[in-house]
Amino acid sequence: MSGTCLLRNGRATTLGRVPRLAFDGFRARVLEAVGEGKRIAALFGLPAVAPGAGPLPVFAVLADDARGDLEVLSTEVGPRFQALTPDCPQAHLFERELAEQFGVVPEGHPWPRPVRFQPPLGGGRDGLPEAASRGTAGAGQSDPPLAGSPRGLPGVADFFRLEGEGVHEVAVGPVHAGVIEPGHFRFQCHGEDVFHLEISLGYQHRGIERALLGGPHPRTLFQVEAIAGDTTVGHTTAYAQIIETLRGWTVPPRAEALRAVGLELERLANHTGDLGALAGDVGFLPTSAFCGRIRGDFLNLSALLCGSRLGRGLVRPGGVGYDLDTEERLQKLITGLERGRADTRSAIQLLWETPGVMARFERTGTVSREACRALGLVGPAARACGAERDVRWNFPAGQYARSGVPPLPDPELRGGDVLARAVVRATEIENSLRFLLDLLARLPGGGVTGLAGGSGAAVGLETGTPLPPDMLAVSLVEGWRGEICHVAVTDARGTFARYKVVDPSFHNWIGLGMALRNQQISDFPLCNKSFNLSYCGFDL
Amino acid sequence: MFDILKARHHQGFRTIGWPDSPAVVPDRLRGRPVLDEAACRMGCRACLDACPVEALTWEGALRMDLGRCLFCGRCAEACPTGALRFGNDFRLATRRREDLVAGRDGPRLAAALDAEMLRVFGRSLQFRQVSAGGCNGCEVDINVLTTVVFDLGRFGLKIVASPRHADGLIVTGPVTENMRLAVGKTFEGVPPPRLVVAVGACAISGGPFRGHPEQHDGVGGLLPVDLYVPGCPPHPLTILDGLLRLIGRLPPETPSR
Ligand code: SF4
């Protein structure tokens, strides 16, 4: 197709090169591309800077896993437009988000509910509702805790309902048992069987995308670190790649290697924790106790590198904030990884050898390949359905463009159930350890920041001067939950006209809903852990 | 069964000795800030300008609000004379919000509950955790307290599922508007007398989201707070140290290492 804009991961283009299609053409192209096997990595609108700015510009980023490129296209929509979702289920949440953030109506959308119960992101365009401002004074410190919220809440809205004899509804959340984030789950049950699960989120919404507008601000990097605290390295790497491509900064190889170290440590800690949690949910305490502890051991290796167990401060635009400065530190890290390998092997092997565990994992919470493809699932949840979908393989950037991550076993062995999601994690733990031990054996030399004056020089630099105007940059990172997608659009002044964040959980929560269909409601905790999705990364 | 025992033997005994023996903390941990007033250029403001959350103030002396601080270390990097640095003393928790605003001597560490509260809670204290806009960072470091490494249970401390079984709340996150009602109801569900612990910069001040209209700058404006644990997120030992101080399990001046 002529006039197509194709980008590689971590690259930018001028806005002028992004095709602006009439809505019908845009809609047709997205449907065609998704039909050919591409995925919607992002679909978002651009807030107005001034009232009366005309119709809503909408951008789509379509990921081609096979070819490793990202197609960017745009259109404009009026107050109402023909929803893509009936012909392309992948668009379902993106279109609900457009409706919630900009007040537009995707006509024919089968389930046009709010996504996060958030105030509009930006209105003031012709024919669109005004952005409701709730003032900037901290939303009133004196609001009594027991007064209702003016905009409705995720748990007190309309839900899809099943009618009929013996049908009943179970509501869970926002506050759950356990140290876990809030969300609302509404089950439509018949006896013990779940016919439908609706997941209603937004409790964690703290206004990140609104705050990113007009940036980068001095706080931007720190807000990105807290998009999902368990994915600090994933999200900050995505952000850093955006800033670097826009500013034309080169990242030294050693810094790219250390980012990969941080990213894989994040994966190791969380995958290990998840396997422990799965064991805990079927009452198998040895692996639960061992993995809970080993997860902490991996977090401590992150702290060895950068002082923070969650990788805070490691990734900075231009490089990394901390080096493996001494042989002793490097050796400690290698020893810790080797010990982690022995410990995870011993703890995880028990799962496969315990019939009671296997009986609970097998054929529980199965997601079909067709559902995985249609919904555009990402990460371990997609790979557990046999998909060969991993940013590290399909869109390699940084260190991953230099050294690869080992492949997963035969897709036929990945049947989409809890067991498959556990096996994928266990294999990825082995693979990450191999990748890291290889990498640390031949770590590139040199500095850890491309900026003159060392890492401290980045203070202020990343935010102080404007970015190049009228650009669009896309950055993908394979976080431990899957594809993290950040897209930045700059305005004429060189600030963020939009900074779109798509956490993997945005694609995958619906996968959990599908997994629960025709399951026993008592299997919900197990299915939920097997996805372990982010609330805050979704809610933003 | 034999394999389980073999694995058990392999994994070993891993509970830390602290507080009876010194704690092992990462050398790069950004813990309690250390200010060398003699080296400070007095009002050069480099650190103030570097701070993303306006945690530092200068009024004749430098003061750092640890309740706002993200422990990012940018101020220390910006300091031209090295007068400001972050040590790895993890003890930071306080009983009062104002005690977090620290000068040269650091924060005033938490004192124990009064005698009557200690009689009630000193030997058994159970919390319900509520995440109210937390990024799962603080939640991660609270969760590990329940692993064998920190073994919360040995101090009579426990995280429980129902507010009705709890003696207090541990709140994380800036308290989003969308969680305000749920936080209030969960608090109401805890039978009095009850405690509230605010863990992390968000729960204390809003953290990096302070001032956003979508949240409430922490739990302090909504509920009475009994213990503040600063950090972004706090190290698990910082949280445990605070909880143990609250129940009088640590002598007021215990050296950390
Ligand atoms: S360490 Fe704390 S006081 Fe220093 S710059 Fe960072 S947030 Fe501000």
Side-chain angles (χ1 to χ4, degrees), chain A residues 117-119 134-136 138-139 141-143 145-149 153-154 174-175 177-182 202-207 211 218-219 222-223 226-230 286 289-290 292-293 296 300 303-304 306-310 312-313 322 342-343 346-347 350 353 456 459-460 534 536, chain B residues 3-4 7-8 10-11 14 26 28-30 50 52-53 70 72-74 77-78 129-131 133-137 139-144 147-149 159 161 173-174 176-188 207-209 211-217 221-223 232-233 235:
Chain A
F117 295 79
Q118 69 172 93
R134 290 165 69 192
T136 48
Q141 291 305 299
S142 55
D143 288 356
L146 288 177
S149 195
L153 285 167
V175 178
V179 184
I180 183 169
E181 297 177 69
Y203 290 103
Q204 303 284 70
H205 179 67
R206 51 225 188 277
R219 281 194 204 174
F222 303 94
Q223 294 181 340
I227 287 172
D230 50 30
F290 300 152
R293 185 210 90 226
N300 286 339
L304 173 73
C306 69
S308 157
R309 290 157 48 91
L310 299 178
R312 296 284 159 96
Y322 296 87
D343 287 356
S346 132
L350 290 180
E353 287 170 358
V459 179
S534 175
C536 55
Chain B
D3 287 329
I4 295 178
R8 176 68 191 82
H10 168 88
Q11 304 284 348
R14 298 293 295 275
R28 283 176 166 170
L29 176 81
R30 293 179 292 282
V53 289
L70 307 176
C72 70
R74 293 297 175 107
E77 281 174 25
Q129 201 275 330
V130 186
S131 170
C135 72
N136 207 25
E139 291 80 355
V140 163
D141 279 344
I142 292 170
N143 240 325
V144 297
T147 66
V148 295
V149 178
I159 312 271
T176 52
E177 168 59 14
N178 288 353
M179 267 306 278
R180 178 174 50 81
L181 179 64
V183 168
K185 283 191 176 179
T186 311
F187 181 71
E188 294 288 308
F209 311 110
H212 287 195
E214 295 85 352
Q215 55 79 57
H216 292 270
D217 288 352
L222 301 168
L223 301 176
C232 186
H235 191 277

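First the proteins, then the strands, lettered A, B, ... as listed; each starts at 1.
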Closest non-hydrogen atoms of B/Pro233 and A/Arg312, given as atom of the first, atom of the second and distance, are CD-NH1, 4.0 Å
Need one label for B/Pro208: side chain, backbone, both or neither, based on atoms under 4.5 Å from any heavy atom in chain A.
both
Counting heavy-atom pairs under 4.5 Å with chain A, which one of B/Val144, B/Ile159, B/Thr147, B/Asn136 comes out on top?
B/Asn136
If you round to the nearest 0.5 Å, how far is SG of B/Cys232 from CG of A/Leu310?
9.0 Å
Student check: side-chain heavy atoms of A/Pro182 and B/Met179 closer than 4.5 Å:
yes
Heavy-atom distance under 4.5 Å to chain B: side chain of A/Glu181, backbone, both or neither?
both
Note, B/Arg180 side chain near A/Tyr203 side chain (heavy atom, < 4.5 Å):
no
Find out whether A/His205 and B/Thr176 are in side-chain contact, i.e. whether some heavy atom of one side chain is under 4.5 Å from a heavy atom of the other.
no
So, for A/Gln204 and B/Ser131, which heavy atoms are closest and what is the spacing to 0.1 Å?
NE2-OG, 3.3 Å
Below 4.5 Å, heavy-atom pairs only: which of A/Ala228, A/Ala226, A/Pro174 has the largest tally toward chain B?
A/Ala226
With chain B, the option among A/Gly229, A/Ala211, A/Gly313 that has the most non-hydrogen atom pairs under 4.5 Å is A/Gly229
Ignoring hydrogens, what is the shortest heavy-atom contact between B/His212 and A/Gln223? Give both atom names and the distance.
NE2-NE2, 3.2 Å
What residues form a salt bridge (Lys or Arg N to Asp or Glu O under 4.0 Å) with A/Arg309, not counting sequence neighbours?
B/Asp141
Within a strict 4.5 Å, meaning less than it, do heavy atoms of the A/Cys306 and B/Arg28 side chains meet?
no
Chain A shares the most heavy-atom pairs under 4.5 Å, among B/Gly207, B/Pro174, B/Gly137, B/Gly133, with B/Gly133
Scan A/Val179, A/Asp230, A/Ile180 and name whichever one has a side-chain contact (heavy atoms from CB on, under 4.5 Å) with B/Glu139.
A/Val179
Less than 4.5 Å to any heavy atom of chain A: does that hold for the side chain of B/Leu70, its backbone, both, or neither?
side chain
Quick one: which of B/Asn143, B/Val148, B/Thr186 has the most heavy-atom pairs under 4.5 Å with chain A, could you say?
B/Asn143
Against chain A, work out which of B/Ala161, B/Pro52, B/Gly173 has the most heavy-atom pairs shorter than 4.5 Å and name it.
B/Pro52
Measure across A/Arg206 and B/Cys135 and return the closest heavy-atom pair with its distance rounded to 0.1 Å.
NH2-CB, 4.3 Å
Is any side-chain heavy atom of B/Ile4 less than 4.5 Å from a side-chain heavy atom of A/Pro286?
yes
Might you work through the side chain to side chain contact (heavy atoms under 4.5 Å, CB included) test for B/Glu214 and A/Gln118, ending with a clear yes or no?
CA-CA 8 Å; B/Glu214 295 85 352; A/Gln118 69 172 93; over 6 Å; no
Could you go step by step and tell me if A/Ser346 and B/Gln11 meet the side chain to side chain contact (heavy atoms under 4.5 Å, CB included) rule?
CA-CA 8 Å; A/Ser346 132; B/Gln11 304 284 348; 2.9 Å; yes
Answer yes or no: is there a side-chain heavy-atom contact under 4.5 Å between A/Arg219 and B/Val53?
yes
Flag side-chain contact, heavy atom, 4.5 Å: B/Glu177 against A/Phe117:
no
Residues B/Pro26 and A/Ala303: closest non-hydrogen pair is CG-CB, 3.7 Å
If you count heavy-atom pairs within less than 4.5 Å of chain B, which of A/Leu304, A/Asp343, A/Ile227, A/Asn300 leads?
A/Asp343
Residue pair B/Arg30 / A/Ser308, side-chain heavy-atom distance below 4.5 Å:
yes
Minimum heavy-atom distance between A/Val175 and B/Ala182, given as atom pair plus value
CG2-CB, 4.2 Å
